[in-house]
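Notes to accompany the following structure.
Every number for a ligand or one of its atoms is a count from 1 in the order of the listing. All residue numbers in this chain count up from 1 along the given sequence.
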Amino acid sequence: MDDLLKRLKDFEDSALSRLKSAQSGKDLDVLRVEFLGRKGKLSEYSRMLGKAPAELRPKIGAEVNRLKKVIQERIDAAGVGFGGGGKKEFFDYTLPVRSSFVGRKHPLLQTVDDIVSIFHGMGFEVASGPDVETDYYTFDALNTPEDHPSRDLSDTFYIKKGVCLRTHTSPVQIRTMEKQKPPVRIIAPGRCYRSDTPDASHSPVFYQCEGLYVDEGVTMADLKGTITAFARMMFGKNVRVRFRPHFFPFTEPSVEYDFSCVICGGKGCRVCKYNGWLEISGAGMVDPEVFRAVGYDSEKYTGFAWGMGVDRITMLRYRIDDIRLLYENDIRFIRQF
Ligand code: DAH
């Protein structure tokens with residue numbers, strides 16, 4: 001049985017030299033099975049041990065165990081070089097981290113979330129309406145005359161006669177008041193569409209957030225207070241708000257409102273075109289004609305409404321100078337937020 005010891009020695013030499021010439025983790029796996037597997041060489045030698053003379057068994061047994069250990073160590077060591085393989089649960093701590101991409105909200109929707117949460121804190125609820133609207137909700141019920149330019153084909157995308165893509169979120173005012181009696185306190189963020197040629201400040205699809213507050217005794221002072229409170233919560237307590245007389249068919253009186261430039265603090269810069277103010281949108285006291293369309297008693301109730309350019313607010317808070325970036329969905333841009 002000296003023979004068996006000799007065979008073990010030969011096996012060791014050939015096994016180690018074959019391990020040395022292994023080229024990959026896969027090679028190592030094959031050799032591991034051949035040398036150490038249940039049906040492998042060393043198991044075979046272990047079984048032969050039973051037939052060896054009793055006095056030699058301890059020596060041969062020790063030799064088999066030593067070889068198991070040596071071969072396993074060689075396989076592990078070679079595996080490091082191949083970045084794995086050789087050993088099933090191999091883990092190389094020196095490899096660089098594989099970064100995984102975690103998705104997040106689009107900057108526009110982050111802004112919508114923040115607008116909603118600010119108005120939520122003031123008691124407003126979120127309402128919604130369809131993107132594909134009828135002329136009635138988009139224009140007629142909002143007291144917009146038949147010949148108003150906003151109805152023009154060059155401004156509005158028509159699906160067919162009497163049906164269009166909404167050009168503003170104001171139709172949600174009508175849909176809400178049709179369903180609900182006062183008090184009404186809603187905001188309605190959503191997509192709007194206008195037949196504009198895209199440039200740095202125009203996009204044929206954009207976001208607005210509508211607001212509406214109707215109750216007994218609501219005044220213009222409430223409108224000014226609400227929008228000013230929003231401006232401060234969104235852009236900090238130093239932002240100032242100004243209201244300029246304007247005209248909208250659905251409000252009387254109507255205003256446009258501006259925030260002091262959040263980039264330069266009102267001193268004048270490129271973004272505010274050196275006048276210190278940024279135009280945000282329009283607002284006003286709900287016109288009695290609008291109340292009539294939804295069956296509200298305009299002698300009893302008053303209300304204010306406003307629009308808000310979500311794209312503009314997003315661009316200001318993240319210092320984005322081209323609205324098209326918000327709609328091209330270039331992942332390198334989106335990932336920055
Ligand atoms: N719908 C107007 C627009 O798209 C914005 C607006 C102005 C909304 C006055 C209002 C409002 O609710 O009262 O420009």
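Taking the six-membered ring where tryptophan is involved, the planes of Tyr327 and Tyr207 are essentially parallel, since the angle between them stays under 30° and well short of 60°. Using cut-offs of 30° and 60° for the angle between ring planes, the Phe248 and His246 rings count as tilted. The aromatic rings of Phe250 and His168 sit perpendicular, their planes meeting at an angle over 60°, well past the 30° parallel limit.
There is a side-chain donor-acceptor pair under 3.5 Å between Glu210 and Ser170.
For Asp114, the salt bridge (charged side-chain N to carboxylate O under 4.0 Å, His left out) test picks out Arg317, with sequence neighbours left out.
Counting heavy-atom neighbours within 6.0 Å of Glu73 CD, excluding the residue itself, gives a total above 12.
Contact shell of ligand 1 (protein heavy atoms, cutoff 4.0 Å): His168, Ser170, Gln173, Arg194, Gln208, Glu210, Phe248, Phe250, Thr251, Ser281, Gly282, Ala283, Gly284, Ala305, Trp306, Gly307.
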